[in-house]
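This structure is a prediction, so every number in the text was calculated from the model and none was measured.
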Amino acid sequence: MKKKNKESKIIFLMLLILFTVFLILPVFRLLLKSFWGEEGPTLAHYSGVIFSGGFGKALGNSFLAASVSALITTVLAFFLAYTINYTNIPRWMKGMIRAAALLPMFLPTITYGFAIIYSFGKQGLLTRLFGRQLFNIYGLNGLLVGYVIYTLPIAFMLIHNTMGYIDKKFMIVSRVMGDNGFSTFMMTIVRPLLGTLAASFIQAFFLCFTDFGIPASVGGKYEVIASVLYNQMLGSIPDFARGAVVAMVMLVPSAISIAVLQFLEKYNVRYSRISTIEISRHRLRDIACGGVSAAIILCVLSVFAVIFIVPFISEWPYDIRFTMEHAVSVLEDDALSGVVRNSLVAALFTAVTGTLVAYGSALVTARSTVSKKLKNVIEGIALVTNTIPGMVIGLAFLFSFSGTPVQNTFFLIVVCNVVHFFSTPYLMMKNSLAKMNASWETTAMLMGDSWIKTIIRVVTPNAVSTILEVFSYYFINAMVTVSAVIFIAGARTMVMTTKIKELQYFNKFNEVFVLSLMILFINLIARVLFQALANGRIKIKQKMRE
């Protein structure tokens with residue numbers, strides 16, 4: 001082993017052990033469980049599940065709801081991103097659109113369903129404002145509303161970020177060559193975005209297909225595959241073998257999406273440099289895009305308005321008097337306040353551990369000289385964790401660690417979150433490290449410093465802003481996740497999202513909304529704090545360069 005590769009190979013080995021023990025082996029054990037019967041290997045579990053009428057219908061329902069939702073989400077996200085990047089609406093309005101589009105990611109998906117019920121239900125806030133119920137909220141309609149709101153942030157971020165790297169000078173070139181407005185739009189905006197638009201659709205589809213929180217609230221009799229898995233595992237009579245089969249079926253779209261995302265890479269257009277040009281003034285375009293974008297954002301925000309109203313009403317909708325009783329009762333309830341502490345502990349440890357894992361992985365792939373094969377292993381892990389459903393990871397952990405000392409512990413919840421959300425933080429860190437001066441390590445080695453010393457003294461201080469962003473990402477997602485932890489959280493380690501699911505059974509919606517508000521405020525504070533620290537760090541670096 002070469003000395004210059006020693007430290008990076010040690011980091012790689014530690015990462016390999018982590019993902020082998022807490023990703024590869026649990027999923028492999030889940031696979032074995034699905035094929036194993038009382039007398040040995042069997043296909044009986046698969047035939048029993050696949051050929052049952054209910055499963056086929058649930059699978060079809062999932063594909064329909066996820067496809068329609070993903071298409072709507074991608075169109076809306078594109079329109080919002082276009083408004084920000086290609087119109088001259090006021091800067092403050094662009095900032096509001098950007099902030100509102102990202103707001104849903106600060107709340108757990110299970111809360112979306114309750115918000116839809118209290119907004120569009122027979123006694124809902126919006127129903128009372130309009131004087132009639134706009135649509136039946138249970139079934140496909142409710143799922144579509146919830147799924148679109150849920151996936152809008154990720155689709156918007158993907159499209160908006162890519163739009164920022166499109167060279168706008170080609171719009172001028174196209175018009176000079178005599179192209180009409182539509183041709184210019186298609187060739188200079190849509191064509192470079194084809195890969196991202198397809199990736200946005202796939203990501204949105206996959207998030208909808210595997211989500212559990214929204215169907216748990218407004219699915220009604222419209223059963224989807226995620227609710228089938230939950231009922232198989234945590235229903236009145238758990239069937240672990242059939243649950244394992246359902247989980248493996250949920251992995252099929254995951255495998256397909258990995259292949260499709262790899263294929264779409266060649267459609268991503270990369271420019272050698274980005275020209276800064278002023279967007280041409282077009283009053284009709286700006287008014288239309290600004291108005292439609294404002295309407296989209298208003299629709300999203302109106303659904304969440306009830307979260308800020310219902311907890312402070314004496315008894316909705318019969319006694320509409322302001323009260324702090326519900327909020328105070330939650331704060332005074334030791335059980336509920338304990339759940340809040342559990343969530344904060346799990347989120348903080350997830351953020352610390354996840355940041356270290358993502359940073360270590362990015363160092364190996366972006367700042368080390370280990371072989372390309374080793375780097376591809378980490379790239380493969382990132383690709384898998386980007387698409388594997390949280391419910392599948394949670395169920396795999398349930399099978400693998402039941403009866404062990406780590407069962408129902410914060411350790412297991414933290415590791416589950418770190419593995420589940422690994423992909424995006426890793427890519428954020430890798431892209432940041434890859435942009436730094438590639439000669440730092442070589443220069444330091446010539447001066448007698450080791451690779452690890454260079455990383456600590458030179459690379460890490462320059463990566464602090466991205467490290468803070470990764471920390472924030474892990475913290476926020478650990479606060480809102482429910483699909484994975486619902487299988488591994490115990491009575492002592494119950495977090496806020498799993499408590500919300502429990503409160504649903506007892507129809508304690510005031511407590512549900514109070515806890516949801518607490519999650520929202522905690523995440524917003526964390527986001528603002530870490531973003532301010534990251535921006536401050538960037539300004540310090542800029543001043544030092546000047």
Side-chain angles (χ1 to χ4, degrees), residues 1 5-36 210 240 244 247-248 250-252 254-255 257-259 261-262 346 349-368 370-427 429-430 452 470 474 477-478 481 483-485 487-488:
M1 181 183 293
N5 284 343
K6 186 176 181 180
E7 298 97 335
S8 53
K9 285 189 175 179
I10 291 173
I11 294 174
F12 172 81
L13 182 60
M14 293 170 65
L15 293 169
L16 185 62
I17 293 171
L18 172 69
F19 286 105
T20 299
V21 175
F22 294 105
L23 179 63
I24 299 172
L25 292 181
V27 172
F28 183 70
R29 182 162 184 176
L30 185 65
L31 176 64
L32 289 180
K33 187 76 174 179
S34 67
F35 283 106
W36 201 263
T210 60
F240 297 115
M248 296 314 298
M250 290 180 74
L251 280 180
V252 174
S254 173
S257 64
I258 289 174
L261 288 172
Q262 287 283 79
F349 277 98
T350 296
V352 172
T353 309
T355 302
L356 289 173
V357 171
Y359 188 39
S361 302
L363 286 174
V364 172
T365 55
R367 306 297 302 189
S368 77
V370 299
S371 68
K372 189 171 179 60
K373 289 183 179 179
L374 297 185
K375 293 181 179 181
N376 286 340
V377 170
I378 294 179
E379 294 286 344
I381 290 171
L383 201 57
V384 170
T385 54
N386 186 43
T387 54
I388 190 169
M391 292 189 79
V392 173
I393 295 178
L395 190 57
F397 273 46
L398 175 66
F399 286 146
S400 299
F401 302 107
S402 293
T404 67
V406 298
Q407 180 183 0
N408 296 335
T409 60
F410 284 115
F411 171 81
L412 203 59
I413 292 175
V414 168
V415 173
C416 180
N417 288 336
V418 169
V419 172
H420 183 199
F421 301 115
F422 170 73
S423 179
T424 299
Y426 161 72
L427 292 175
M429 279 301 349
K430 177 190 168 188
I452 196 67
V470 167
Y474 262 120
N477 279 279
T481 185
S483 57
V485 298
F487 290 112
I488 57 178

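- With values rounded to the nearest 0.5 angstrom, C416 atom SG is found 10.5 Å from F487 atom CZ.
- Distance alone, capped at 3.5 Å, is enough to place a donor-acceptor pair between the T385 side chain and the A382 backbone.
- With contacts defined as side-chain heavy-atom distances shorter than 4.5 Å, the pair N417/N477 does not qualify.
- In terms of modelled atom types and a separation under 3.5 Å, the side chain of K430 and the main chain of E379 share no donor-acceptor contact.
- Under the rule for a side chain to side chain donor-acceptor pair (under 3.5 Å), S483 has no partner lying at least two apart in sequence or in another chain.
- A donor-acceptor contact shorter than 3.5 Å links the side chain of Y474 to the backbone of V418.
- Residue G360 comes nearest to I11 through the heavy atom pair O-CG2, 3.7 Å, listed as atom of the first residue, atom of the second, then distance.
- Taking all atoms of both residues into account, the shortest heavy-atom contact from M250 to T210 is CE-CA, 3.8 Å.
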For residues 16-34, which side-chain donor-acceptor pairs fall under 3.5 Å, sequence neighbours excluded?
{"residue": "T20", "atom": "OG1", "partner": "L16", "partner atom": "O", "Å": "2.6"}
{"residue": "S34", "atom": "OG", "partner": "L31", "partner atom": "O", "Å": "2.6"}
{"residue": "S34", "atom": "OG", "partner": "Y46", "partner atom": "OH", "Å": "2.8"}

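- Proximity of F421 to T350: side-chain heavy atoms (C-beta onward) are nowhere separated by under 4.5 Å.
- Atoms CG and CZ, on L427 and F422 in that order, are 8.0 Å from each other to the nearest 0.5 Å.
- The closest side-chain donor-acceptor pair between T365 and Y426 falls under 3.5 angstrom.
- With values rounded to the nearest 0.5 angstrom, S8 atom OG is found 8.5 Å from L374 atom CG.
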Indicate every side-chain donor-acceptor pair of residues 401-408 with a distance under 3.5 Å to a residue at least two apart or in another chain.
{"residue": "S402", "atom": "OG", "partner": "L398", "partner atom": "O", "Å": "2.4"}
{"residue": "T404", "atom": "OG1", "partner": "F401", "partner atom": "O", "Å": "2.6"}
{"residue": "Q407", "atom": "OE1", "partner": "G403", "partner atom": "N", "Å": "2.7"}

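- Between the CE atom of M429 and the CG atom of L363 there is a distance of 7.0 Å, given to the nearest 0.5 Å.
- At a threshold of 4.5 Å between non-hydrogen side-chain atoms, the residues V470 and Y359 do not count as touching.
- Rounding to the nearest 0.5 angstrom, the gap separating the CG atom in L13 from the NZ atom in K9 is 11.0 Å.
- Between L412 and F397, the closest side-chain pair of non-hydrogen atoms falls below 4.5 Å.
- Contact annotation: the side chain of S368 approaches that of K375 to within less than 4.5 Å [non-hydrogen atoms, C-beta and beyond].
- Here the closest non-hydrogen pair linking V357 and S361 is O-OG, 2.8 Å.
- With a 4.5 Å cut-off on side-chain heavy atoms, S423 and L383 do not count as touching.
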